[in-house]
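Counting begins at 1 with the first residue of the sequence. Start at 1 and go down the list; that is how both ligands and their atoms are numbered.
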Amino acid sequence: MGSLGAILKHPVDIYPLLKLKMAAKHAEKQIPPEPHWAFCYSMLHRVSRSFALVIQQLDTELRNAVCIFYLVLRALDTVEDDTSIPTDVKVPILIAFHRHIYDHDWHFSCGTKDYKVLMDQFHNVSNAFLELGKGYHEAIEDITKRMGAGMAKFILKEVESIDDYDEYCHYVAGLVGLGLSKLFHASGLEDLAPDSLSNSMGLFLQKTNIIRDYLEDINEIPKSRMFWPREIWSKYVNKLEDLKHEGNSVKAVQCLNDMVTNALIHMDDCLKYLSELRDPAIFRFCAIPQIMAIGTLAMCYNNVNVFRGVVKMRRGLTAQVLHQTKTMDDVYGAFFDFSCMLKSKVDNSDPNAIKTLSRLEAAQKSCRESGALNKRKSYIIRNEAKYNSVLIVLLFVLLSIIFAYLSANRSSY
Ligand code: D61
Ligand code: MG
């Protein structure tokens with residue numbers, strides 16, 4: 001549950017963290033009795049704690065479809081991510097994956113840990129997939145086919161231009177956005193969202209991951225993986241791996257800030273997509289990952305530690321996002337706060353400072369114009385100070401009671 005030090009520094013985290021623990025316990029108890037569905041849901045919890053919690057809140061029928069959609073694509077991604085599979089073996093598997101999901105017996109062993117279990121026991125996922133309605137089959141098959149083909153294309157080719165970068169992110173995450181919008185529509189709960197907005201939802205999440213995971217991807221064994229586009233990094237260094245050398249810290253951080261500025265373009269589309277959703281559970285399912293993404297970008301911006309280790313949002317802050325995100329007003333509030341935090345980190349000497357600031361100001365303008373600000377909880381500073389003083393008063397009251405009790409006892413002797 002996060003270290004004691006972090007909790008003492010941020011006492012506001014205590015309540016959301018406890019609630020999160022309870023929500024996770026509750027979700028685990030809800031695992032269905034049929035063995036193939038039990039496998040799918042326990043796998044979902046093991047490979048993605050964060051998506052599992054939000055998926056769990058959807059209505060049963062849609063929840064089953066989204067769970068299988070997730071596991072099918074996670075399995076496809078496990079093939080893509082395993083750098084020990086030779087290209088001539090990997091490419092045909094990626095291309096044919098959308099057919100394997102109809103085959104009860106198909107499996108291909110790869111990946112490690114939980115991902116290996118998912119791959120070895122994939123028949124459970126196929127069996128559950130086959131029980132979904134036809135509308136869901138078509139959407140899942142179509143996206144799996146297009147994603148597999150796109151991944152195969154980028155096994156053979158590097159991400160050179162920013163257009164390549166957007167194209168790669170479209171295959172691995174934008175298509176998830178398109179597929180989810182289709183599933184929401186098929187469930188009868190939402191109108192069909194425009195593809196370009198659904199795509200942006202995925203691009204914002206994927207670009208955030210690619211920025212955050214620089215070091216992990218470059219250090220991948222036996223072969224490093226590179227997703228930062230040459231068009232951006234070549235302005236700062238000669239080779240992508242040079243960014244991790246300490247002598248290049250200044251250039252590395254400028255390059256990182258350039259990458260974050262690129263990701264910020266998608267904020268506006270994401271706000272638009274979210275503002276059109278009607279179902280509260282679908283809304284939360286979509287909004288929470290987006291808020292975590294902008295929070296992560298705010299942590300990464302101008303932070304050399306991205307090149308030294310993993311930069312993550314505090315677990316307590318994640319728990320706060322999970323519980324404070326209910327309506328569009330909460331999203332405007334969170335986007336506004338994290339944009340503020342980003343703005344305060346922009347250094348005027350950064351080569352992209354003006355571009356970064358103007359993107360952040362544009363987002364803040366949308367949030368302000370929504371009229372949602374003022375009446376809300378903030379993720380930064382203000383509330384924390386208020387909460388801390390309440391805690392101090394409580395502590396004082398408690399000590400007074402103990403003191404009064406002790407002196408009363410003493411006087412009775
Ligand atoms: C609303 C709500 C959730 C959304 C969305 C709209 C639009 C797109 C997405 C989720 C997908 C976002 C993907 C971002 C995280 N990136 C990865 O996991 C990378 O793999 C990409 C290919 C597999 C995608 C599997 C997936 C992920 C989330 C889903 C989903 C399917 C289905 C339903 C709901 C959410 C990344 O993974 C490695 C890592 O980050 O550890 C990679 O290999 O690059
Ligand atoms: Mg991948």
Contact atoms of ligand 1, heavy-atom distance to [X] under 4.0 Å:
{"X": "Leu180", "result": "1 (C), 2 (C), 3 (C), 4 (C), 5 (C), 6 (C), 33 (C), 34 (C)"}
{"X": "Gly177", "result": "7 (C), 8 (C)"}
{"X": "Asn209", "result": "15 (C), 16 (N), 17 (C), 40 (O)"}
{"X": "Phe51", "result": "28 (C), 35 (C)"}
{"X": "Asp81", "result": "43 (O)"}

message = Suppose we screen for side chain to side chain contact (heavy atoms under 4.5 Å, CB included). Which residues come up paired with Thr356, at least two apart in sequence or across chains?
response =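 So Thr356 forms a side chain to side chain contact (heavy atoms under 4.5 Å, CB included) with Thr261, Leu264, Tyr301, Val346, Asn352, Leu360.
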inquiry  = What protein N/O/S atoms are there under 2.8 Å from the Mg ion (ligand 2), waters excluded?
reply    =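 Protein N, O or S atoms closer than 2.8 Å to the Mg ion (ligand 2): Asp77 OD1, Glu80 OE1, Asp81 OD1.
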request  = Decide whether Lys345 and Asn257 meet the rule of one side-chain donor and one side-chain acceptor closer than 3.5 Å.
outcome  =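 The answer is no; no qualifying pair exists.
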query = For residues Glu131 and His36, is any side-chain donor paired with an opposing acceptor at under 3.5 Å?
reply =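 Per modelled atom types, Glu131 and His36 side chains form a pair under 3.5 Å.
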query = For atom 19 (C) of ligand 1, which candidate among Gln290, Gln206, Arg284 provides the closest heavy atom?
reply =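 It is Gln206 that holds the nearest heavy atom.
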query = With respect to atom 24 (C) of ligand 1, which of Asp77, Leu178, Val172, Leu274 exhibits the smallest heavy-atom separation?
reply =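 Heavy atom nearest to atom 24 (C) of ligand 1 belongs to Val172.
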query = For Met341, does its backbone N or O pair with a side-chain atom of Ser344 as donor and acceptor, under 3.5 Å?
reply =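 Yes.
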